Amino acid sequence: MDRRAFLGTALGGAGMVGLASAARGAFDPLAGLEPVRATPDRIFRTTVCLRPFRAAGPRIEVEQVGRKRVIHNYGHGGSGWSLSWGSAERAVALALADGVRDVAVIGAGALGLTAALTAQRAGAKVTIYTKEQFPFVRSARATGTWSPDSRVAMEGAVDAGFADRWEGMARTSFTYFQSMLGMAGDPVEWTDRYMLSDTADAQRHPPSISGKPGFLRLESRLADITPRSVDLPPGSHPFRPAFARRSSSLTFNVADLMRHLTSDFLLAGGHILPMEFHAPGDVTRLKQSSIIHCTGYGARTLWRDESIVPVRGQIAWLIPQPGVTYGVYYQGLSMLARRDGIVVQPTGQDEWFGYGDANEEADRASAEAAVRQLATFWA
């Protein structure tokens with residue numbers, strides 16, 4: 001449907017008045033809702049990210065390895081970017097105990113960079129040791145949305161204080177990300193989301209499989225910093241499904257975000273050195289006595305931590321499209337428009353989709369199928 005014609009219809013009898021108001025600069029409720037050019041020829045890459053899920057939640061604790069104090073900071077599931085600053089605050093406090101002021105960080109993804117920056121701001125000298133840097137770290141292949149409780153833990157598997165710790169990490173991270181709004185390149189920005197449904201009772205989350213425990217949901221604890229969702233009745237939006245619910249959330253334009261974090265770290269005197277680790281004992285090679293370990297899914301192999309379960313997610317990347325600045329979800333498929341690409345990702349009809357799947361090979365055929373499915377979202 002032509003967008004201008006749709007706007008006139010949606011405004012009903014006030015069509016011409018509404019258009020006149022728009023011409024005078026009135027708020028356009030459909031701004032940025034242009035349909036995505038969802039065709040396979042616009043795919044410029046397909047990536048796979050393995051989310052490091054732990055039923056008990058992220059591991060943030062101290063382990064002694066010889067004379068080295070290792071502070072683990074991994075296992076955030078689909079919440080790595082969203083909880084990164086709050087996790088860093090907790091890990092750095094442990095790393096700087098006893099007056100330590102020379103710290104090593106293993107890993108240069110979301111958790112590693114934020115831990116390194118947090119340690120610098122606390123007055124420490126910091127060196128990052130890493131096998132890979134952006135764009136080859138797994139964090140570079142994240143969806144890029146504020147999702148602080150996405151597969152962060154399992155119901156019934158966490159300790160009594162987990163929810164409070166999670167809330168503290170989420171609020172700290174939210175504050176840091178708010179400070180990045182308006183920066184050059186828009187590494188962080190607010191964008192709208194639309195959840196579509198063929199019925200009036202659109203679900204906010206995919207259902208769990210009957211008989212299996214569910215992933216822990218904690219977002220209600222952040223209601224005061226979460227914009228309220230609004231139901232849009234049929235005929236008031238340009239999507240093919242009858243019902244839509246609009247909300248707003250933070251979007252991480254990961255390419256710009258990682259460049260900002262890396263640049264800030266280096267400008268503050270930090271160093272990034274290439275180094276590969278194969279076993280826990282390898283940390284004894286480092287000169288620093290306090291080491292923050294942030295290898296994400298890599299910790300399953302490096303630290304022999306089989307409590308980490310992979311949750312596979314594949315993204316088809318479409319060329320960025322001017323005027324498209326929102327996200328949408330319908331029938332197990334999500335799309336999020338970012339400055340660095342439009343990400344199209346199958347999420348499945350239940351929350352166990354991708355659980356336990358460690359395959360990191362991209363599937364071009366399924367990527368093209370997802371993009372074709374996305375094309376059916378609009379009337």
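Here, residue 1 is the first one in the sequence, and each next residue gets the next number. Heavy atoms only: backbone and side chains are in, while hydrogens, waters and symmetry mates are out. In this text, all values refer to a predicted model and were calculated from it rather than measured experimentally.
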Taking the six-membered ring of Phe277, is the NZ or CZ of Arg285 close enough (under 6.0 Å from the centre) and on axis enough (within 45°)? yes
Ring-face cation of Arg59 near Tyr74 (centre distance under 6.0 Å, axis angle within 45°): no
Quick one: do Arg259 and Asp264 make a salt bridge, cutoff under 4.0 Å? no
So, are Glu155 and Arg217 salt-bridged, with charged N and O less than 4.0 Å apart? no
Give a yes or no on whether the backbone of [Y] and the side-chain of [X] come within a donor-acceptor separation of less than 3.5 Å.
{"X": "Ser173", "Y": "Trp85", "result": "yes"}
{"X": "Asp256", "Y": "Asp186", "result": "no"}
{"X": "Ser229", "Y": "Arg245", "result": "no"}
{"X": "Arg221", "Y": "Trp166", "result": "no"}
{"X": "Ser290", "Y": "Val103", "result": "no"}
{"X": "Gln64", "Y": "Lys68", "result": "yes"}
{"X": "Arg304", "Y": "Leu302", "result": "yes"}
{"X": "Ser82", "Y": "Ser147", "result": "yes"}
{"X": "Lys125", "Y": "Gln120", "result": "no"}
{"X": "Ser79", "Y": "Ser150", "result": "yes"}

Closest contact, heavy atoms only, [X] versus [Y]:
{"X": "Ala153", "Y": "Val158", "value": "CB-CG1, 3.4 Å"}
{"X": "Val100", "Y": "Ala95", "value": "CB-O, 3.6 Å"}
{"X": "Pro52", "Y": "Gly296", "value": "CB-C, 3.9 Å"}
{"X": "Glu34", "Y": "Val324", "value": "O-CG2, 3.7 Å"}
{"X": "Leu33", "Y": "Tyr326", "value": "CA-CE2, 3.7 Å"}
{"X": "Leu336", "Y": "Gly144", "value": "CD2-O, 3.7 Å"}

Could you go through the side-chain contact (heavy atoms from CB on, under 4.5 Å) check for Asn73 and His76 one step at a time? CA-CA 9 Å; Asn73 183 25; His76 295 69; 3.4 Å; yes
Close side-chain approach of [X] and [Y], heavy atoms under 4.5 Å:
{"X": "His271", "Y": "Ile128", "value": "no"}
{"X": "Trp190", "Y": "Leu250", "value": "yes"}
{"X": "Leu286", "Y": "Met275", "value": "yes"}
{"X": "Gln288", "Y": "Thr127", "value": "yes"}
{"X": "Val152", "Y": "Phe162", "value": "yes"}
{"X": "Arg141", "Y": "Arg45", "value": "no"}
{"X": "Thr145", "Y": "Phe252", "value": "no"}
{"X": "Gln178", "Y": "Phe174", "value": "yes"}

Let me confirm one number: the [atom1]-[atom2] distance from [X] to [Y], rounded to the nearest 0.5 Å.
{"X": "Arg90", "Y": "Thr172", "atom1": "CZ", "atom2": "OG1", "answer": "9.5 Å"}
{"X": "Ser236", "Y": "Arg246", "atom1": "OG", "atom2": "CZ", "answer": "8.5 Å"}
{"X": "Gln345", "Y": "Met335", "atom1": "CD", "atom2": "CE", "answer": "12.5 Å"}
{"X": "Asp231", "Y": "Met195", "atom1": "CG", "atom2": "CE", "answer": "11.0 Å"}
{"X": "Glu167", "Y": "Leu218", "atom1": "CD", "atom2": "CG", "answer": "9.0 Å"}
{"X": "Leu333", "Y": "Thr347", "atom1": "CG", "atom2": "OG1", "answer": "7.0 Å"}

Kindly indicate, with the supporting measurements, whether the criterion ring pair (Phe, Tyr, Trp, His ring centres under 6.0 Å) is fulfilled by Phe239 and Phe377. CA-CA 6 Å; Phe239 299 110; Phe377 284 19; 7.7 Å; no
Run the side-chain contact (heavy atoms from CB on, under 4.5 Å) test on Leu196 and Gln331 for me, step by step, so that the C-alpha distance in whole Å, both residues' side-chain angles and the decisive distance to 0.1 Å come before the verdict. CA-CA 8 Å; Leu196 311 181; Gln331 291 188 339; over 6 Å; no
Sequence neighbours left out, cut at 3.5 Å: what donor-acceptor pairs do the side chains of residues 316-323 make with other protein atoms?
from, atom 1, to, atom 2, distance (Å)
Trp317, NE1, Thr47, OG1, 2.8
Gln321, OE1, Arg37, N, 2.9
Gln321, NE2, Pro35, O, 3.0

Let me check something: do [X] and [Y] share a hydrophobic cluster, defined by ILVMFWY side-chain heavy atoms less than 4.5 Å apart, either directly or through other members?
{"X": "Ile71", "Y": "Ile106", "value": "no"}
{"X": "Leu113", "Y": "Trp146", "value": "yes"}
{"X": "Val105", "Y": "Phe265", "value": "yes"}
{"X": "Leu111", "Y": "Leu261", "value": "no"}
{"X": "Val254", "Y": "Leu117", "value": "yes"}

Steps toward side-chain contact (heavy atoms from CB on, under 4.5 Å) verdict (Arg193, Thr251): CA-CA 10 Å; Arg193 307 283 194 276; Thr251 295; 3.1 Å; yes
What's the verdict on salt bridge (Lys or Arg N to Asp or Glu O under 4.0 Å) for Arg138 and Glu132, showing C-alpha distance, side-chain angles and the deciding distance? CA-CA 9 Å; Arg138 287 189 175 93; Glu132 296 173 322; over 6 Å; no
Would you say Glu276 has more than 12 foreign heavy atoms packed within less than 6.0 Å of its CD? yes
So with a 6.0 Å cut-off around CZ of Phe136, is the heavy-atom count from everything else above 12? no
Working note: Met169 + Ile60, criterion side-chain contact (heavy atoms from CB on, under 4.5 Å); need CA distance, chi angles, decisive distance, verdict. CA-CA 11 Å; Met169 291 189 292; Ile60 307 175; 3.7 Å; yes
Apply the test salt bridge (Lys or Arg N to Asp or Glu O under 4.0 Å) to residues Asp224 and Arg171: give CA-CA distance (whole Å), side-chain angles for both, the deciding distance (0.1 Å), then the verdict. CA-CA 11 Å; Asp224 59 309; Arg171 289 182 180 276; 2.7 Å; yes
Is a side-chain donor-acceptor pair under 3.5 Å present for [Y] with [X]?
{"X": "Glu219", "Y": "Thr226", "value": "no"}
{"X": "His293", "Y": "Thr295", "value": "yes"}
{"X": "Asp363", "Y": "Gln314", "value": "no"}

Would His72 and Trp303 count as a ring pair (Phe, Tyr, Trp, His ring centres under 6.0 Å) if you check the C-alpha gap in whole Å, the side-chain angles of each, and the deciding distance to 0.1 Å? CA-CA 10 Å; His72 296 295; Trp303 225 261; 4.8 Å; yes
If you apply the rule ring pair (Phe, Tyr, Trp, His ring centres under 6.0 Å), what do you find for Phe177 with Trp81, and how did you get there? CA-CA 10 Å; Phe177 285 125; Trp81 276 110; 7.1 Å; no
